[in-house]
Structure formats: C-alpha cells, structure tokens
Amino acid sequence: MEKVAIIGVAQSKYEQNKPETFAEMVYDVTRRALEDAGITKDEVDNVVSISSDFWDGRTISSMAIQDSACAYGKDITTVEGDGTFGCLYGMMRILSGSFGVTIVVAHHKGTESNMNGITNCAFDPLVERKLGIDAVSSAALQARRYMTKYALREEQFALVSVKNHGNAMRNPLALFPMEITVEDVMNSRRIADPLKLLDCSPVTDGAAALVLAAERQAKKLSTRKKRVWLLGVGHCTDAYRLGDRDLADTRALKAAAKRAYSMAGIVDPLKEIDVAEVYDAFSYMEPLWLEGLGFCDDGKGCEYLERGYFNFDGRLPVNPSGGRLSANPVQVAGLAELAECVLQIRGEAGDRQVGEVNVALAHGINGMCGQSHCVWILGR
C-alpha cells in the first residue's frame with residue numbers, strides 16, 4: 001500500500017469571540033499550510049472540509065468555505081465530526097488512486113453556537129432529548145460510572161486539569177494557559193456533578209489545516225524535514241444509546257488502537273510512542289482514554305498520572321499542547337492534535353517540544369462519551 005505523508009500544517013490562535021468569519025479563518029490556515037508545505041494551490045487536487053451544519057447554524061455548511069479552502073475547480077467533500085476522521089477520509093481518497101495532494105481543513109466558532117442545545121440534539125428525540133441531557137451532563141454520567149467502577153476520586157481527575165493548563169503556558173496558541181492547583185479545580189463552580197468548571201474544556205473558536213500527499217508526490221514536493229508519515233490508523237464505533245454500553249468500558253477505543261498499532265508495527269505503545277495528544281474535553285477522559293490506548297491497565301490511568309508518567313517531562317508526555325482542556329474548537333480538535341504531533345516530530349514545537357520525537361499518537365472522538373474513536377500513529 002502506498003504511504004501518505006503530512007507535508008504542511010497550520011493552526012489559528014484559539015480564542016473566544018474571534019472577529020474573523022468562517023471563510024476568513026479557513027483561508028488563513030489553508031494559505032499558511034500551503035506555505036508550510038512549500039507548494040501552491042495549483043498543486044492540490046482534492047479538498048476535505050470538516051464542518052457541521054448545527055455548529056455553523058446553516059445547512060450544507062461546507063459551501064461557504066469552499067473557495068477559501070482552494071476548492072474552486074477541484075473535488076471537495078465534507079466530514080462532520082472530529083478532525084481525526086477528516087484526515088482519515090483524506091488519506092482514503094488518496095489511497096483510492098484518484099488524488100495525490102489533499103488539503104484537510106476544519107473550522108469552528110463555538111462562541112457563535114449553543115453547545116447545550118446542539119449536543120442535546122444528538123440524543124434520541126422521543127425520550128432522552130426531553131430529559132435535557134447534553135454533552136456535559138452525559139460526560140458527568142460517564143465520569144461517575146468511571147469513579148464508581150474503579151474507586152477513583154475527583155482530586156485525581158483534577159490532576160489532568162493542572163497538568164494540561166500548565167502545559168498550555170508553553171503554547172502561544174492556547175486559549176487558557178494557567179498555573180493552577182488541585183485545590184483550584186476542586187473549588188471551581190460545579191457544572192454537573194462530579195464535573196466542575198476547571199474539569200471542562202472552554203468554548204473556543206479556531207481553525208486548522210493539513211496538507212496530505214501520496215508518497216509519489218511527497219518525496220517530490222517536500223524536504224525530508226517536512227514529511228511526517230501516517231504510519232497507522234484505526235477507528236471504531238460503540239453503541240449509540242448510553243444505556244447500551246458500560247460508559248467506563250473503552251472497548252471501541254481498544255479496537256481502534258489495536259488496528260492502528262498493528263498497521264504501524266507498534267507492539268508496546270508505552271515504550272515505542274514518544275508523545276501523545278489525547279482527547280480531553282473533560283478531565284476524567286484523559287486517564288480513561290489512556291487506559292483504552294493501552295498505556296496502562298484498566299482503572300490505573302489516575303495512578304499513572306499521580307506518579308508523573310504523563311507529565312511534560314514524564315515517561316510519555318501527554319497533551320504537551322495543553323490539550324482540549326486549554327482550547328477546544330470541537331470540529332477542529334483532532335486536526336489540531338495531528339498538527340501538534342507533526343510539529344513535535346519535526347522538532348518545531350518551540351517551548352512545548354518534549355525532546356526528540358520519532359513516533360507520535362493522536363486520538364479523536366465523535367459522539368457523546370466517546371461513541372466513536374479514531375487513533376493515528378505518525379512518524380518520521
């Protein structure tokens with residue numbers, strides 16, 4: 001199978017109430033990703049946009065950003081969901097043999113949306129939606145189930161917020177870089193028990209873009225320094241209804257990770273992966289997903305956090321960018337993670353560079369409480 005590389009990346013600064021329109025944000029990151037790749041829009045033959053009609057507040061939301069994404073006169077398609085899934089679709093279109101160079105671009109303006117109302121609409125309209133359940137309250141149910149199953153404490157989840165907001169202080173693109181303590185997290189306003197304000201990711205605006213190229217183009221269009229190879233990917237979906245799954249069981253993530261590791265030739269992820277960007281819209285998610293990714297046994301994620309395994313200078317740095325707790329433009333999240341992994345592998349992450357990185361992992365989700373997972377392994 002032909003290999004696919006990421007040859008260009010760009011991210012906006014993640015903010016609230018950004019004055020730029022969707023199209024302006026997309027144009028900015030698309031232009032800079034092409035500059036990073038050292039190519040022009042004329043060398044692109046395929047575009048994948050990541051957007052949502054609900055979040056954008058309009059139907060066929062990709063239409064308004066197509067010109068800004070260099071799609072005029074080219075093939076364009078849209079994925080609704082986390083950016084990791086958009087990258088997957090971009091790679092699949094390249095591997096079909098029909099396309100060579102692909103732009104994958106995502107945009108999101110959470111501050112122009114109603115997160116509670118939008119995520120409530122993800123639930124069954126006959127029963128669950130009428131209960132008022134949404135992304136936050138369903139996450140609270142998952143956090144409580146995780147705590148009950150493994151006898152975990154809220155203070156252990158708070159460690160994730162302390163770590164990731166602290167990491168964000170090295171990232172000029174992050175929305176909320178903060179030096180906080182476990183006590184600060186515990187004393188912050190309760191949102192949905194057991195989740196508090198500092199356990200939750202902020203409403204965020206932003207955009208990101210990647211340039212993908214088939215091996216035949218990548219070696220011609222970019223220098224060795226710029227190329228980062230997509231070594232493996234896996235994705236899997238669990239049951240739709242929350243009541244049809246154990247919310248503390250990461251079976252779908254385990255299946256996705258197994259496929260990604262197999263494709264990339266990873267046998268021992270904790271030893272072979274140098275850095276990981278893991279979806280952490282809520283603090284409890286990071287240890288739960290780290291267990292599903294095989295970095296520790298089930299129920300042991302918080303213990304590893306307490307021992308410093310996943311700190312910036314730990315055995316496996318997790319979310320050195322600050323993670324989604326420090327900036328969470330929902331549609332962009334996974335693409336931002338992939339861009340961060342590329343910068344780490346290139347050695348271009350600035351103050352947040354964790355050292356020499358040969359292999360990196362990016363993880364994204366779609367659906368409530370991690371209904372679907374997508375796991376990427378990237379390398380030199």
Side-chain angles (χ1 to χ4, degrees), residues 81-85 87 139 142-143 146 156-157 159-168 171 174 199-201 208 232-236 248 250 252-258 260-261 264 266 269-270 272-298 300-305 308-312 314-330 332-345 349 352 354 357 359-367 369-378:
D82 183 275
T84 52
F85 293 88
C87 184
Q142 186 172 43
Y146 185 32
Q156 292 174 297
F157 298 156
L159 289 170
V160 177
S161 186
V162 172
K163 173 178 72 72
N164 291 354
H165 283 296
N167 286 347
N171 184 359
D199 286 311
C200 304
S201 56
V233 63
H235 59 104
C236 186
T250 59
L253 175 55
K254 289 176 179 176
K258 182 178 179 181
Y261 294 156
I266 298 291
L270 189 57
E272 297 177 65
I273 293 172
D274 300 310
V275 67
E277 284 282 326
V278 176
Y279 190 84
D280 63 328
F282 302 95
S283 60
Y284 77 88
M285 284 185 169
E286 184 175 293
L288 180 61
W289 303 150
L290 289 170
E291 293 166 14
L293 290 165
F295 292 126
C296 52
D297 293 335
D298 289 349
K300 297 296 184 180
C302 288
E303 179 182 326
Y304 275 51
L305 277 162
Y309 269 61
F310 306 125
N311 288 350
F312 185 82
R315 183 171 178 179
L316 173 67
V318 174
N319 291 325
S321 67
R324 302 319 106 211
L325 280 170
S326 301
N328 187 26
V330 176
V332 182
L335 218 58
E337 291 180 357
L338 286 162
E340 288 291 332
C341 288
V342 169
L343 295 176
Q344 288 285 347
I345 291 170
R352 61 189 186 276
V354 300
V357 175
V359 180
L361 178 146
H363 159 251
I365 72 170
N366 197 20
C369 299
Q371 180 188 2
S372 300
H373 295 266
C374 186
V375 179
W376 282 99
I377 306 298
L378 298 83

Rounded to the nearest 0.5 Å, the CD atom of Q371 sits from the SG atom of C236 at a distance of 10.5 Å
Flag side-chain contact, heavy atom, 4.5 Å: P287 against V160 = yes
Evaluate side chain to side chain contact (heavy atoms under 4.5 Å, CB included) for V354 paired with Q344, printing each intermediate quantity in order.
-> CA-CA 7 Å; V354 300; Q344 288 285 347; 3.4 Å; yes
Is there a side-chain contact between F157 and Y146 (heavy atoms, below 4.5 Å)?
-> yes
Beyond-backbone contact of C374 with D82, side-chain heavy atoms, under 4.5 angstrom | no
Side-chain heavy-atom pair V318, L316 within 4.5 angstrom cut-off = yes
Closest heavy-atom pair, A362 versus L338, reported as atoms and distance to 0.1 Å, is CB-CD2, 3.7 Å
Rounded to the nearest 0.5 Å, what's the gap from CG on D280 to CG on N164? Could you check?
-> 5.0 Å
Write down the atom of A333, the atom of N328, and the distance for their closest heavy-atom approach.
-> CB-OD1, 3.8 Å
For Q142 and C369, indicate whether the former's side chain and the latter's backbone hold a donor-acceptor pair under 3.5 Å.
-> yes
Reported CE-to-OG distance for the pair M285 and S201, which is rounded to 0.5 angstrom = 8.5 Å
Would you say Y284 and D199 make side-chain contact, with heavy atoms under 4.5 Å?
-> no
Rounding to 0.5 Å, atoms CG (L325) and NE2 (H165) come to a distance of 5.0 Å
Here the pair of heavy atoms bringing F312 nearest to P317 is O-CG, 3.5 Å
Min side-chain heavy-atom separation V375-V233 under 4.5 Å = no
Show your working on side chain to side chain contact (heavy atoms under 4.5 Å, CB included) between L361 and L293 and close with a plain yes or no.
-> CA-CA 10 Å; L361 178 146; L293 290 165; 4.0 Å; yes
Minimum heavy-atom separation for P269 to G294, with atom names?
-> CG-O, 3.8 Å
Straight-line distance of L378 CG to D274 CG, nearest 0.5 Å | 12.0 Å
Can R324 and E277 be counted as an ion pair, charged N to O under 4.0 angstrom?
-> yes
For H373, which of Y279, F85, W289 qualifies under ring-ring contact (aromatic ring centres under 6.0 Å, His included)?
-> W289
Sub-4.5 Å side-chain heavy-atom contact between R352 and N167 | no
Would you sort out whether E303 and Q156 count as a side chain to side chain contact (heavy atoms under 4.5 Å, CB included), showing the intermediate values?
-> CA-CA 8 Å; E303 179 182 326; Q156 292 174 297; 5.7 Å; no
After noting the C-alpha distance and the side-chain angles of F282 and L288, does the key distance pass the side chain to side chain contact (heavy atoms under 4.5 Å, CB included) rule?
-> CA-CA 11 Å; F282 302 95; L288 180 61; over 6 Å; no
Determine, for K254 against E291, whether the closest basic-nitrogen to carboxylate-oxygen distance falls under 4.0 angstrom.
-> no
Mark yes or no for whether E286, through its side chain, and V278, through its backbone, hold a donor-acceptor pair below 3.5 Å.
-> no
Rounded distance (nearest 0.5 Å) linking atom CD of E272 with atom CD1 of I377 = 9.5 Å
Closest heavy-atom pair, A168 versus A174, reported as atoms and distance to 0.1 Å, is CB-CB, 3.8 Å
Look only at the side chain of N171 and the backbone of S321, and say whether a donor-acceptor pair between them is shorter than 3.5 Å.
-> yes
4.5 Å side-chain heavy-atom contact, Y304 and F295 = no
